[in-house]
Amino acid sequence: MSEQEHRSLRLAIIEYLNGVTKDGSLSADATESLEVAVQCLMEAFEVESIEKCAEESPIKPLKLPVVFHTGVQVLMGSGSNDPAKTVPEDVHQVAQ
């Protein structure tokens, strides 16, 4: 992967984890721990703000879980006929 691809992945992960802290799916302690982890990742990867993650996201308007789900479908050879789950042709080419 190129340096830009690494940075894009880092930003997408930080953005995803930050979203998890806000969705109410974790206990208060777990949310606080994840918030600290996000801050540590931002510092380690020299990300100035969560807003910067969203602005620089290369997968807009998609979110990381959708990209992950699509990747799993491609790797598993899913032949879904559901248009919402259809993988663009260029994604198939990248996976090969």
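Just so it is clear, the model here is predicted, and its values are computed rather than measured.
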By side chain to side chain donor-acceptor pair (under 3.5 Å), which residues pair with D23, not counting sequence neighbours?
S25

Worked check of side-chain contact (heavy atoms from CB on, under 4.5 Å) between M42 and N18
CA-CA 11 Å; M42 289 176 63; N18 185 62; over 6 Å; no

Thinking salt bridges, do E3 and R10 make one under a 4.0 Å N-O criterion?
yes

T31: side chain to side chain contact (heavy atoms under 4.5 Å, CB included) partners, not counting sequence neighbours
T21, L26, E35

Once rounded to the nearest 0.5 Å, what's the spacing between atom CG of L41 and atom CG of L34?
9.0 Å

Can you get from V20 to F45 by hopping between Ile, Leu, Val, Met, Phe, Trp and Tyr side chains that sit under 4.5 Å apart?
yes

Roughly how far, to the nearest 0.5 Å, is CG of L9 from CZ of R7?
12.0 Å

Enter the distance from K22:NZ to L17:CG here, rounded to the nearest 0.5 Å.
11.5 Å

